[in-house]
Amino acid sequence: MNFIKKFKLRNLIFFLFLLLYSTNLYAELTRDFNTVIRPGTTGFINADGFKSTNDSLQDPVGFYISPDGKTAFNANNMTSGNHRCITQLKLETPFELSSATLVDESNILNTVALRSGGRDDCHDVYVSPDGKHMSVSNEQGAIYDFNLPNPFSLRNATIKAGYLNPFVNAPIRGDDIWFSHDGSKMFVIDVDGDNLKEYTTVSPFTSNGVTLINTVDLTSEAAIDGTEAAVDFFFDDTGRTLMILVNDTGTGEHDDTIFHFSLRVPFDTTTLTLAGSSVIGAYDGTENNGDAVAISFGKGGTRLYIMNKDGGPLLGTRTDTLSQFNLPCSYGIVQCLSDTSSSIETQFELVKQNIGLNVNTIFKRFEWIKRNRDDENLSAHNFKINYEDPLLKTLANKFEPSVRNNVASFISKHKTEDKKSKWSSWSLADISLSIFGVDGNGSVKAKDLNTRGLTLGTDRKFGDNKFFGLALRYSDGSSDIKFSEQDVTMESLTLNLYGISPSMNNQYINAVLGLSHLRFDHRYNGNLSGERTGKQAFATINYRTKKKHNFLNLTPTGKLTYGVTELSEFTDFLGKATGLPSQDIRYKEDTFVNGEFAGGFLFETDIIETDKGTIQPMGGLEILYDLTNGVNYKHMNQGGTHVNKDTIHKHAKETLKYSFGFEAIHLNGFTVSADYQRINRLNNKTKRLPKIKTETFILKFSHSKEEDNQFALIYDPINAHQTNLSYSKNIHGLDFKINSNQSLENSSEYYTNLEVSGKF
């Protein structure tokens, strides 16, 4: 191609843009690790049945690292002798090349695809997020797809059907390969390095029978001239970030460059725009980079890998190298990026969990009442837990403005002989750890949620078996999103109204109605980047009946839960959090609607008595049906005009939940209950759904003792939303009273008093 002929007005403008907005990637960064990754001293028998005698890089041209950072593959253009075109690495420490060892290798296009005569050289390799599909291209542009029976392993790979001779009249001529995270689209850079092509697939992660839907002219979009060619590219897991490596083959200094493109619509190259570029400078003052031939990113974009052909010292033998760089933030070669889907999905999971934990806490109270319904004093209180005044802090936020009447003034009086039914107070502290494991969809990140809660409640018995109560629960939850620089914390204050109404025999109905105020803190690299508030309303109705089978008490159960959550508009200020060039994200107001129907049975054994107290094992098995169709959310770049509309939570509708735990009550009234829950997906009709599995461990503590005490909660929405919360107790003749008064109309007007008095 003639560089002068191609440089029309558009290219000239683009070139000036690059001069203004390009950076030198390694002006301040130093290489973290560089290796040729050689095999062990004794070698091993590889997937082709030969003893390994070579290192993992032989005329390298492609590199891939798995989403969990534990496995990597190199594609080599050298297949003479014992050189293998695909080499498999194991990383003892995820994403760290310093821990990599060569564990397998294969001349897969020859031994499995039966190619030969110059067609068995490998040029690029891609593996699906679940590790079960692998695609390999050769230098002529033919693409071969393989099934991997053992995820992320070359052993026993088989070629997919329909590949008798894909090289003949191959229409794709794809030099470098990538697929969307669900495999519905395939992308290639052609063998000339001038075009990026987008295809739709007939079958996920399969190149056979694809349909071309768009071609991006890189001579224009990346200003490629006659001495340059696009040699590799990379999509992040959201599909909104595209990195393209352009190799400079001219004489003199090499100006290999990484171009950063943004896509308004995930994995849609028609919405592609240039965000900037970075020239790959010298790694240090004594090295010539040679040709950069492949790039990849890992660990949420904080690790950059560059493969060089014939790199090494300026004097002496040059060696093929694979280098690792630590980036200051996610994909930060031009600007720091936000993982919007992980951020919103974590908010949604915290919102759902808030409903679940409130309902779970109230249902614990239901079980307590069921076991003690004949007792007149049903008070139960937890041991003291020190919080940094979170309850009073969150009381400054309003409940629903539509609440116009006094909700309650519930006071537990001193025990008297002439009053049969009275208000009983209770309290409960809980700790829960939820592990969201994901396998099979790169757009959904695994995460841990850790939540701590404190509930104060009171209820009263009406008639023989009816109960009505009210409970106030404060909780704070934190998240650990795997392979991400972002995390989300959430504080919530929830008012629960609950009741029990028997129908006939051992059948009864439990119901809970809740109103919550929510507050989110977003953090990036550990620094606060944004704040968001929200409000939530939910309701649960549960039908139960009880059957006795020997020592086992079975309780068939059906439960319907429905919740609506409204979240405010807010901006995630990444630049403020990182101190680096960043793209701040503006999130629009969101409304999340979620619902769930559960049917199954709960069980508990007879109470086991010991010399120190009692213990009772319990558990359950339920089928859950998710009524949530999907969560839509909108966001835009700060200062921009285009609004992105995305959907998350396209999870399985039917899941199986099983739980097992126990409740141990000491003779002194101290109670510990533990509950392990696991949720697995049932339906497998759509293979593109991620394999979601959730594990939750809940630990609860309480203390029950008959002592003189008084609990009161008064809420007056008419009088400036005035709220008073008090608790008093007589200990060894001294009256201890904690009283908090808060005007929800004005967050600055509140006080807390501790009074100690006695009669002498």
Side-chain angles (χ1 to χ4, degrees), residues 17-18 20-34 63 65 67 69 94-97 222 232-246 255-263 266 272-284 289 292 294-307 323-343 442 445 481-487 522-530 571-586 635 637-640:
F17 174 85
L18 292 182
L20 290 173
Y21 294 99
S22 64
T23 61
N24 190 321
L25 182 59
Y26 301 108
E28 299 180 359
L29 294 180
T30 57
R31 182 174 53 203
D32 182 66
F33 191 75
N34 179 354
F63 178 73
I65 189 166
F95 301 106
E96 300 300 321
L97 287 182
D232 200 14
F233 67 112
F234 176 94
F235 276 101
D236 77 336
D237 49 30
T238 69
R240 292 188 180 277
T241 298
L242 168 64
M243 303 290 187
I244 297 181
L245 173 63
V246 174
D255 289 329
D256 299 339
T257 304
I258 299 176
F259 289 84
H260 173 183
F261 293 92
S262 298
L263 290 81
L272 176 149
T273 58
L274 180 68
S277 64
S278 289
V279 175
I280 302 176
Y283 299 162
D284 56 51
N289 298 334
I295 59 170
S296 191
F297 292 82
K299 202 175 183 179
T302 60
R303 296 291 185 271
L304 168 65
Y305 307 93
I306 299 180
M307 181 176 282
S323 301
Q324 172 185 313
F325 298 85
N326 294 338
L327 300 180
C329 59
S330 297
Y331 303 101
I333 67 166
V334 173
Q335 59 185 10
C336 300
L337 299 182
S338 173
D339 186 350
T340 59
S341 60
S342 292
S343 175
K445 286 186 171 63
I481 307 174
K482 305 303 181 183
F483 312 134
S484 176
E485 296 300 303
Q486 299 177 220
D487 59 70
H522 288 250
R523 297 185 180 275
Y524 195 97
N525 281 337
N527 299 317
L528 183 66
S529 61
T571 300
D572 206 5
F573 295 100
L574 302 186
K576 179 180 178 181
T578 63
L580 298 169
S582 305
Q583 180 60 70
D584 297 336
I585 305 296
R586 184 73 175 172
H635 60 96
N637 295 336
Q638 181 75 348

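Atoms CD and OG, on Q335 and S262 in that order, are 6.0 Å from each other to the nearest 0.5 Å. Rounding to the nearest 0.5 Å gives a distance of 3.5 Å between OH of Y305 and CD1 of I65. In this structure, CG on L272 lies 6.5 Å from CD1 on I244, to the nearest 0.5 angstrom. Annotation: the span from T241 atom OG1 to F261 atom CZ amounts to 12.0 Å, rounded to 0.5 Å. The CG atom of D232 sits 9.0 Å away from the CE atom of M307 when rounded to the nearest 0.5 Å. Between K482 atom NZ and S342 atom OG the span is 12.5 Å, to the nearest 0.5 Å.
Put simply, the side chain of D339 does not reach to within 4.5 Å of the side chain of D236, judged on heavy atoms. At least one side-chain heavy atom of V334 sits less than 4.5 Å from a side-chain heavy atom of S278. Between L242 and L263, the closest side-chain pair of non-hydrogen atoms falls below 4.5 Å. Side-chain contact between N326 and Q324 is present, with at least one heavy-atom pair separated by less than 4.5 Å. Using a 4.5 Å cut-off on side-chain heavy atoms (C-beta onward), Y331 and F234 make contact.
For the pair T257 (side chain) and V246 (backbone), a donor-acceptor distance under 3.5 Å is absent.
Residues S338 and I585 share a closest heavy-atom pair of CB-CG1, 3.9 Å. Contact record, L580 with C329: CD1-SG, 4.2 Å, taken as the closest heavy-atom pair. In terms of heavy-atom proximity, L574 sits nearest to L337 at CD1-C, 3.8 Å. Of all heavy-atom pairs between Q583 and Q638, the closest is NE2-N, 3.6 Å. Residues A292 and I306 share a closest heavy-atom pair of CB-CG2, 4.1 Å. Of all heavy-atom pairs spanning F297 and G301, the tightest one is CD2-O, 4.2 Å.
Between F95 and F483, the ring planes are perpendicular. Angles over 60° get that label, and only those under 30° would be called parallel. Between F235 and F233, the ring planes are perpendicular. Angles over 60° get that label, and only those under 30° would be called parallel.
Residues meeting the side-chain hydrogen bond (donor to acceptor under 3.5 Å, both in side chains) test with T571, sequence neighbours left out: R586. Under the rule for a side-chain contact (heavy atoms from CB on, under 4.5 Å), the partners of S484 that lie at least two apart in sequence or sit in another chain are K445, I481, Q486. Remark: P266 engages R240, D646 in a side-chain contact (heavy atoms from CB on, under 4.5 Å) (not counting sequence neighbours).
No hydrogens or angles considered: nothing links the side chains of N527 and S529 as a donor-acceptor pair under 3.5 Å.
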Point to revise | Worked check of side-chain contact (heavy atoms from CB on, under 4.5 Å) between M243 and I333 | key: CA-CA 10 Å; M243 303 290 187; I333 67 166; 3.7 Å; yes
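The side chain to side chain contact (heavy atoms under 4.5 Å, CB included) test with C336 singles out one residue from T578, D584, N525, and that residue is T578.
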